[in-house]
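Structure record follows, encoded as structure tokens.
In this chain, residues are counted from 1 in sequence order. Order of listing sets the numbers, starting from 1, for every ligand and every atom in it.
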Amino acid sequence: MARKIAVVLRKGGSGKTTTAVNLAAALHKKNKKTLLIDLDPQANATISVGIDPIELKKHVNNLFTDINIQPEETIMKTGFGLFILPSHPDLADTEAGMKATQVGLLRGILQPIEELFDFIIIDTPPSESYLTVNALAAVDEVIIPLQAHYLAMRGLREVLEEIEQVKRGLNPNLKIAGILPTMVNKRTNMARTVLETVIETYKELVYPFQVDFSIRHTEASLAGLPIILYRPEHQGSQAYLQLADYILKEK
Ligand SMILES: Nc1ncnc2c1ncn2[C@@H]1O[C@H](COP(=O)(O)OP(=O)(O)O)[C@@H](O)[C@H]1O
Ligand SMILES: [Mg+2]
């Protein structure tokens with residue numbers, strides 16, 4: 001049975017996609033059979049592993065709209081060997097029409113493929129979306145990437161509340177794997193202050209490592225490669241490999 005982990009925060013530009021892509025790539029590199037699921041209509045995770053979503057005939061949206069399509073038919077392999085269930089802009093229509101009663105769909109969709117993988121990593125959309133609730137209902141654990149910026153603190157409180165809600169109803173076993181400080185610019189006082197506050201408030205929920213701010217992350221995604229393959233020696237690569245080790249050590 002796969003360990004299922006969603007990367008969640010209702011805020012764009014917080015490092016969700018970068019974290020999901022690199023964690024999946026790092027687990028793959030460590031010989032774990034890993035599936036990355038792109039659950040964001042913007043398809044940034046799909047693009048970041050070198051796949052053009054517009055060209056796709058089958059993608060994650062089909063699984064919500066056509067019961068005759070099996071998940072196995074939509075899974076692809078990236079150039080570097082990672083399995084991905086790619087996204088497509090059409091997922092935006094599904095997202096817009098989704099009702100509160102449909103938050104258990106993804107859990108059912110994943111059931112038949114769970115035994116095929118060691119890890120399933122889900123990238124989620126930034127907006128308030130039933131797609132994110134679908135992810136929270138389907139996974140065992142959540143990783144929250146947190147930009148070391150005071151505005152991100154509010155988003156963090158919101159996502160923690162949302163997780164509590166899901167635990168009370170849809171998914172009682174849901175657990176927070178950790179909060180990953182990201183885009184940390186150590187030269188600014190604000191980053192330091194925010195980091196100190198987050199660690200003081202959330203203590204052991206905060207991972208004991210962080211991803212520094214670096215333009216290389218954007219370069220890597222434009223090159224269609226996870227940074228752990230694009231620049232293996234980079235600080236960000238080391239941090240994401242450490243995250244994978246940390247996750248492998250738990251349980
Ligand atoms: N550690 C980092 N330092 C600098 N830029 C980053 C870092 N991580 C991600 N980025 C860039 O910031 C932007 C937003 O990151 P992304 O992972 O797409 O966030 P989200 O999925 O939450 O919107 C992207 O252009 C990405 O390449
Ligand atoms: Mg994203």
Side-chain angles (χ1 to χ4, degrees), residues 5-26 36-51 53 59-61 82 84-89 91-92 95 121-129 131-132 134-136 139 142-149 151-156 158-159 162 177-188 190-192 194-195 198 206-207 209-244:
I5 305 174
V7 183
V8 175
L9 190 75
R10 279 187 183 179
K11 188 177 172 300
S14 57
K16 282 183 297 298
T17 298
T18 306
T19 299
V21 164
N22 281 287
L23 173 59
L36 172 65
I37 300 183
D38 188 352
L39 206 59
D40 183 351
Q42 287 183 42
N44 287 338
T46 305
I47 297 164
S48 298
V49 296
I51 294 170
H59 41 76
V60 73
N61 188 49
L82 173 69
I84 175 166
L85 214 169
S87 187
H88 187 276
L91 184 62
E95 183 180 36
I121 308 296
I122 307 181
D123 185 28
T124 63
S127 48
E128 202 153 310
S129 164
L131 287 175
T132 303
N134 260 275
L136 291 176
V139 298
V142 182
I143 290 175
I144 306 166
L146 187 78
Q147 220 183 333
H149 190 289
L151 285 178
M153 296 280 292
R154 210 158 94 200
L156 175 61
E158 281 168 13
V159 77
E162 187 172 9
I179 298 168
L180 178 68
T182 184
M183 304 187 198
V184 178
N185 188 342
K186 286 203 190 85
R187 281 172 305 187
T188 70
M190 186 171 68
R192 268 199 303 270
V194 169
L195 255 188
V198 170
V206 185
Y207 287 116
F209 42 83
Q210 60 201 40
V211 185
D212 292 346
F213 184 92
S214 165
I215 195 69
R216 299 275 176 264
H217 287 279
T218 305
E219 272 179 29
S221 70
L222 291 175
L225 276 177
I227 194 162
I228 69 152
L229 298 175
Y230 181 76
R231 289 277 186 276
E233 300 308 322
H234 189 269
Q235 187 278 338
S237 304
Q238 298 303 312
Y240 283 120
L241 288 163
Q242 227 176 329
L243 175 63

Practice prompt. Establish whether atom 13 (C) of ligand 1 and some protein heavy atom are separated by less than 4.0 angstrom.
Written response: no
Worksheet entry | R216 (side chain) donor-acceptor with H234 (main chain) under 3.5 angstrom | no
Worksheet item: Are S87 and H59 linked by a side-chain donor-acceptor pair shorter than 3.5 Å?
Response: no
Discussion item. Starting from atom 3 (N) of ligand 1, what is the nearest protein heavy atom, named by residue and atom, and what distance separates them?
Written reply: S214 N, 2.9 Å
Discussion item. Starting from atom 1 (N) of ligand 1, what is the nearest protein heavy atom, named by residue and atom, and what distance separates them?
Written reply: D212 O, 3.0 Å
Practice prompt. Give the residue and atom name of whichever protein heavy atom lies nearest to atom 25 (O) of ligand 1, and the separation in Å to one decimal.
Written response: T218 OG1, 3.5 Å
Item to complete: Indicate yes or no for a side-chain donor-acceptor contact from S48 to the backbone of N44 under 3.5 Å, with no hydrogens or angles considered.
Response: yes
Worksheet item: Atom CD in Q210, atom OG1 in T182: separation rounded to 0.5 Å?
Response: 9.0 Å
Worksheet item: Could you state the interatomic distance from CG (L243) to OH (Y207), rounded to the nearest 0.5 Å?
Response: 5.0 Å
Worksheet item: Taking the non-hydrogen atoms of I215, is any one of them nearer than 4.0 angstrom to ligand 1?
Response: no
Fill in: Exam field: side chain K16 to backbone K11, donor-acceptor pair closer than 3.5 Å
yes
Worksheet entry | Side chains of Q147 and S14, donor plus acceptor under 3.5 Å | no
Response to the item:
Distance col, row E162:CD vs T132:OG1, nearest 0.5 angstrom, shows 6.5 Å
Worksheet entry | Winner among H217, R216, Q210 once heavy atoms are compared against atom 6 (C) of ligand 1 | H217
Practice prompt. Record the part of T182 in heavy-atom contact with ligand 1 below 4.0 Å; permitted values are side chain, backbone, both and neither.
Written response: side chain
Discussion item. Which of the numbered atoms in ligand 1 are under 4.0 angstrom from any heavy atom belonging to F213?
Written reply: 3 (N), 4 (C)
Discussion item. Does only the side chain of S14 get under 4.0 Å from ligand 1, or the backbone, or both, or neither? Count heavy atoms.
Written reply: both
Item to complete: Starting from atom 19 (O) of ligand 1, locate the nearest protein heavy atom and write down its residue, its atom name and how far away it is, to 0.1 Å.
Response: G15 N, 2.9 Å
Fill in: Heavy-atom closest pair, residues T124 and L9
OG1-N, 4.5 Å
Worksheet, complete the sentence: of all protein heavy atoms, closest to atom 9 (C) of ligand 1 is T18 OG1, 3.2 Å
Item to complete: Go through ligand 1 atom by atom and flag the ones less than 4.0 Å from a non-hydrogen atom of G12.
Response: 23 (O)
Worksheet item: Measuring from the heavy atoms of P126, does anything fall under 4.0 Å of ligand 1?
Response: no
Worksheet entry | N, O or S from N44 under 2.8 Å to the Mg ion (ligand 2) | no
Practice prompt. Looking only at protein heavy atoms, identify the closest one to atom 23 (O) of ligand 1 and say how far it is in Å.
Written response: G13 N, 2.7 Å
Worksheet entry | Minimum heavy-atom distance between P53 and A43, given as atom pair plus value | CG-CB, 3.7 Å
Worksheet item: Does even one non-hydrogen atom of G236 get within less than 4.0 Å of ligand 1?
Response: no
Item to complete: Output yes when a side-chain donor or acceptor of N22 lies under 3.5 Å from a complementary backbone atom of I228, and no otherwise.
Response: yes
Discussion item. Among T17, V211, V7, which one puts a heavy atom closest to atom 18 (O) of ligand 1?
Written reply: T17
